[in-house]
Amino acid sequence: MTWLPAENRYDTMKYNRLGRSGLKLPAISLGLWHNFGGDTPHDRKVDMCRTAFDLGITHFDLANNYGPPPGSAETAFGEIMRTDFAHLRDELIISSKAGYDMWAGPYGEWGSRKYMIASCDQSLKRMGLDYVDIFYSHRFDPETPLEETCGALDHIVRSGRALYVGISSYNSQRTREAAAILKDLGTPCLIHQPSYSMLNRWIEDDGLIHTLEDLGIGSIVFSPLAQGMLTTKYLGGIPSDSRAAQNHFLKKDFIRPEIIDNIRKLNGIAEKRGQTLAQMALAWVLRNGRITSALIGASRSEQIVDCVKALENDTFTADELAEIDLYAREADINLWAKSAEL
Ligand code: NAP
């Protein structure tokens, strides 16, 4: 039987315009980097996607390499599209990316035209889609001319494989260069996907955030919860079912006593605001309207429900912001340098 979403799904979510484009994204979007591979039961993936959509999360973010194994998150999402979301395709914004290592040999990663277009075709096949809404260059390729990578993105749009294009983790300078090339080609850069959180402010330090405003490019920030560190889950140690327990992308040695001390103080501020720490961390990235969407991950539906409630209190006093800065700067462990490898 066809799955029917909640009738009130558009009642509470906020939708923000992406830069100077016609497209809006939900203030909170769901990424399928973790917990959508072969290591997670399919029922739980279905449940998370249904829960998200019922809460007005219209945007699901993927990439060729999400899994494990690489590609399996797209395959799982393709299955959910077929069983649950097929009749809702026009209500969804689905993105994918190419840039990281995907298949053997010299054409399986980075930013060549050969790789980008082949990878996009593979992603469409895995998801059973005719097109994705947004296709990204996942990382800047220092060896391929930017004109070639951007030319591939332009071709992907012109050939009907994607409606819009974006870039991820490009610094401010490279963003200006890519945006200029894409503009000349007639396929504007819609969106940038960088990492950003209270613990990771490289987009402020690098000037990217100003560049995006200047160019009218929207922004969706990944790991706004610092992969789970900006929640209460590590205050009492490392739970066995947490991302840090896997010691892969989130290392156990990030969970150091001096960092946890500061996270506990941040949690104290959240409690005074009547929020969970996760909610405050999301409200913080969205605090002044400069970020279009906060791109969360989740390992279970309850986390998504908790995160969306961030929008119930998304303003801060100057004193709260100053206090957050104090503890968050102390807990900053330069996750960005590490996330550049993601
Ligand atoms: P995140 O939101 O910072 O971390 C998600 C993790 O936080 C969850 O897996 C869960 O950890 C925990 N969590 C979430 N909500 C919670 C809650 N309410 N209470 C307690 N814990 C909660 O984001 P992320 O997963 O690192 O990244 C999000 C998305 O960004 C990815 O799925 C992907 O789409 C995108 N991304 C893009 C790039 C890129 O290079 N462009 C890189 C990384 C990510 P547990 O699993 O431990 O329960």
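Everything numeric here is computed off the predicted structure, so don't read it as measured data. As the structure lists them, so they are numbered: ligands from 1, and atoms in each ligand from 1.
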Give the numbers and elements of all ligand 1 atoms closer than 4.0 Å to a heavy atom of Ser242. 47 (O)
Any nitrogen or oxygen of Ile296 lying under 3.5 Å from a nitrogen or oxygen in ligand 1? Just yes or no. no
hydrophobic_cluster_shared for Ile263 and Ile324, side chain cutoff 4.5 Å: yes
Record the part of Ala226 in heavy-atom contact with ligand 1 below 4.0 Å; permitted values are side chain, backbone, both and neither. backbone
Check for a donor-acceptor pair, side chain of Thr211 on one end and backbone N or O of Gly207 on the other, with a separation under 3.5 Å. yes
How about Phe222 and Trp33: are their ring centroids closer than 6.0 Å? no
Look only at the side chain of Asp206 and the backbone of Ser172, and say whether a donor-acceptor pair between them is shorter than 3.5 Å. yes
Between ligand 1 and Gln227, is the shortest N or O to N or O distance under 3.5 Å? yes
How does Ser223 reach ligand 1, by side chain, by backbone, by both or by neither, if only non-hydrogen atoms under 4.0 Å count? both
With heavy-atom distances below 4.0 Å as the criterion, list the atoms of ligand 1 near Asp306. 17 (C), 18 (N), 19 (N)
Knowing that exactly one of Trp110, Tyr100, Tyr115 qualifies, which makes a ring-ring contact (aromatic ring centres under 6.0 Å, His included) with His138? Tyr100
My understanding is that only residues two or more places apart in sequence, or in another chain, count here; which of them pass ring-ring contact (aromatic ring centres under 6.0 Å, His included) with Phe140? Tyr170
Look at Asp54 together with Arg50 and state whether they make a salt bridge at an N to O cut-off of under 4.0 Å. no
Region of Leu295 that comes within reach of ligand 1 [heavy atoms, distance under 4.0 Å]: both
Looking at Asp61, which atoms of ligand 1 are within less than 4.0 Å of one of its heavy atoms? 33 (C), 34 (O), 35 (C)
As a check for students: among Arg243, Lys233, Gln193, Gln246, identify the option with a heavy atom nearest to atom 6 (C) of ligand 1. Arg243
Considering the options Asp241, Asp47, Asp306, which one meets the side chain to side chain donor-acceptor pair (under 3.5 Å) requirement together with Arg300? Asp241
Numbering the atoms of ligand 1 from 1, which are under 4.0 Å from a heavy atom of Cys307? 15 (N), 18 (N)
Under 4.0 Å from a heavy atom of Tyr66: give me the atoms of ligand 1 that qualify, with their elements. 33 (C), 34 (O), 35 (C), 36 (N), 37 (C), 38 (C)
Ionic contact status for Arg9 with Glu91, cut-off 4.0 Å: yes
Report the relative orientation of the aromatic rings in Phe85 and Trp3; use parallel for angles under 30°, tilted for 30 to 60°, perpendicular for over 60°. tilted
Strictly under 4.0 Å, does any heavy atom of Asn35 approach an atom of ligand 1? yes
Per-atom contacts of ligand 1 with Ser168, taking only distances under 4.0 Å to non-hydrogen atoms: 39 (C), 40 (O), 41 (N)
Flag the pair Asp133 and Arg89 as a salt bridge only when some basic side-chain nitrogen lies within less than 4.0 angstrom of an acidic carboxylate oxygen. yes
Check each of Ala278, Gly297, Gly166, Pro239 against atom 14 (C) of ligand 1 and report the one with the nearest heavy atom. Gly297
Which atoms from ligand 1 have a heavy atom of His138 less than 4.0 Å away? 39 (C), 40 (O), 41 (N)
Can Tyr136 be said to touch ligand 1, with heavy atoms closer than 4.0 Å? no
Quick check: does Phe222 get an N/O under 3.5 Å from an N/O on ligand 1? no
For ligand 1, which atoms have a heavy atom of Ser299 less than 4.0 angstrom away? 45 (P), 46 (O), 48 (O)
